[in-house]
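Working notes, structure below.
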Number of protein chains: 2
Amino acid sequence: MLSEKKLELIERIGVFHEMRGVQPLMGRIMGLLLVLEEAEATFEEIVDYLNVSKSAVSNALNVLQLKGHVAYKTKPGDRKRFFHLTLENWQGDMEKKLCDISEMSSFMQEVLEARGETKPEFNHNIKDICKFMDFLKTRIPSLFNEFRKSQG
Amino acid sequence: MLSEKKLELIERIGVFHEMRGVQPLMGRIMGLLLVLEEAEATFEEIVDYLNVSKSAVSNALNVLQLKGHVAYKTKPGDRKRFFHLTLENWQGDMEKKLCDISEMSSFMQEVLEARGETKPEFNHNIKDICKFMDFLKTRIPSLFNEFRKSQG
DNA sequence: CAGTTAGTTCTCCAAATAAAGAACAAACTT
DNA sequence: AAGTTTGTTCTTTATTTGGAGAACTAACTG
């Protein structure tokens, strides 16, 4: 059994993800795989730790794998899958999240094209937002470079 | 009536927001206020343009105002409220979104405190993620400065 | 081949969401 | 005072969602 503290942390991580439109169980599983000492769990362990049905876990794991947040490895002589977070590529994920902010940029472009010149000040704000999003996108790689440098 | 193009754009912007956990109508209203030539709309106009009930609009507008995405102004001799996006502070909003990415950092800190040393490599990844998030937070202001400079 | 293990798929159900509609209220108008 | 405008609030309803549980399957095990 997991400590009260870890269980509570898993729930909070779950809620955190829920607030961002992630299915509840998916958030819990990510929390579980973070706090588990082994950093991995079998299908059955996930069912037992989180006290949910196999079907729910099956679905959640498939989505998590499709999204690239979770993967599994196997061990010789063991048919079980050992699911784990794909933290190795956290920089890629982070970059994706940063770019996602800028995803609004293409909508804003379309908005600008659809708008007339009645409200130049408003249009100007939208243009600025676009510019910043594009600027941000160009700066992301150097942001990571700077970080790596600062880490030695 | 709005052009087919604008209606379709509003819907896509709505879906974009839905995917991020925003209530459907809230996303549509934000889309509407973006594409409307006047960049503002009365309560009744929102009801008519989007073809939804007054109660739905009332609730959505209240939430949007609470979240600071929408505000209204009035005009002398007119009791109507003219709702509009609060784009003026888009830099503040953008900063909040960037910081939100880093919000995971505090959870990661807790995870680290709850974890033992069994998986040093995994722990190391988490530490790196924390470090980058913290680094990102410190860099946000200069990011905006750089942008302003690049804009002259 | 009978039984287990590890997971999937399908059907069903409870709860949460989102919005409709009607009644209501406050402020203004005539 | 009676009616209108501009919303709000309350109750109800349709839809979506998330997960339970059972039946199923594929792979292995003895």
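Residue numbers start from 1 in every chain, and the chains themselves are labelled A, B, ... in the order their sequence lines are given, proteins ahead of strands.
For Asn59(A), no side-chain nitrogen or oxygen approaches OP1 or OP2 of dG18(D) to under 4.0 Å. Distances shown here put a side-chain N or O of Arg81(B) below 4.0 Å from the OP1 or OP2 atom of dT8(D).
With rounding to whole Å, Asn51(B) atom CG is found 16 Å from dA18(C) atom C1'. Taking atom CD of Glu18(A) as the reference point, atom P of dT17(D) lies 14 Å away to the nearest angstrom. Rounded to an integer number of Å, the gap from Asn62(A) CG to dC10(C) C1' is 15 Å. Atoms NZ (Lys75(B)) and C1' (dT6(D)) sit 16 Å apart, rounded to a whole Å. Rounded to whole Å, atom P of dT25(D) lies 14 Å from atom NZ of Lys54(A). Taking atom CG of Leu61(B) as the reference point, atom P of dA18(C) lies 16 Å away to the nearest angstrom. Between the CD1 atom of Ile46(B) and the C1' atom of dA19(C) there is a distance of 16 Å, rounded to whole Å. Atom pair Lys73(A):NZ and dA6(C):C1' shows a separation of 19 Å (rounding to whole Å applied).
Candidate nucleotides dA6(C), dG7(D), dT6(D) were compared by shortest atom distance to the side chain of Glu44(B), and dT6(D) ranks first. Considering only the side chain of Asp78(A), dA6(C) comes nearest among dC28(C), dA6(C), dG19(D). Nearest nucleotide to the Val52(B) side chain, out of dA20(C), dC28(D), dT6(D): dA20(C). For Ser58(A), the side-chain atoms get nearest to dT9(C) when compared with the rest of dG19(D), dG7(D), dT9(C). Looking at the side chain of Gln23(A), the nearest of the listed nucleotides dG19(D), dG18(D), dT8(C) is dG18(D).
Heavy atoms of Lys80(B) sit under 4.0 angstrom from primed sugar atoms or phosphate atoms, though from no base atom. Backbone-only engagement by Leu25(B) is indicated by non-hydrogen atom pairs under 4.0 Å involving sugar-phosphate atoms exclusively.
On a pure distance criterion of 3.5 Å, no polar donor-acceptor pair joins the side chain of Arg79(B) and the base of dT6(D). A donor-acceptor contact under 3.5 Å is formed by the side chain of Ser55(A) with the base of dA20(D).
Between Leu85(A) and Met30(A), the closest heavy-atom pair is CD1-O, 3.7 Å.
No single ILVMFWY cluster, assembled from side-chain heavy atoms under 4.5 Å apart, contains both Val57(A) and Phe82(A). Taken together through direct or relayed side-chain contacts under 4.5 Å among Ile, Leu, Val, Met, Phe, Trp and Tyr, Met133(B) and Ile140(A) form part of one hydrophobic cluster.
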Discussion item. Could you go through Glu18(A) and Arg28(A), starting from their C-alpha distance and side-chain angles, then the distance that decides it, and tell me whether this counts as side-chain contact (heavy atoms from CB on, under 4.5 Å)?
Written reply: CA-CA 9 Å; Glu18(A) 276 184 68; Arg28(A) 304 295 182 291; 2.9 Å; yes
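Residue Gln151(A) places its CD atom among more than 12 non-hydrogen atoms of other residues, nucleotides or ligands, all under 6.0 Å distant.
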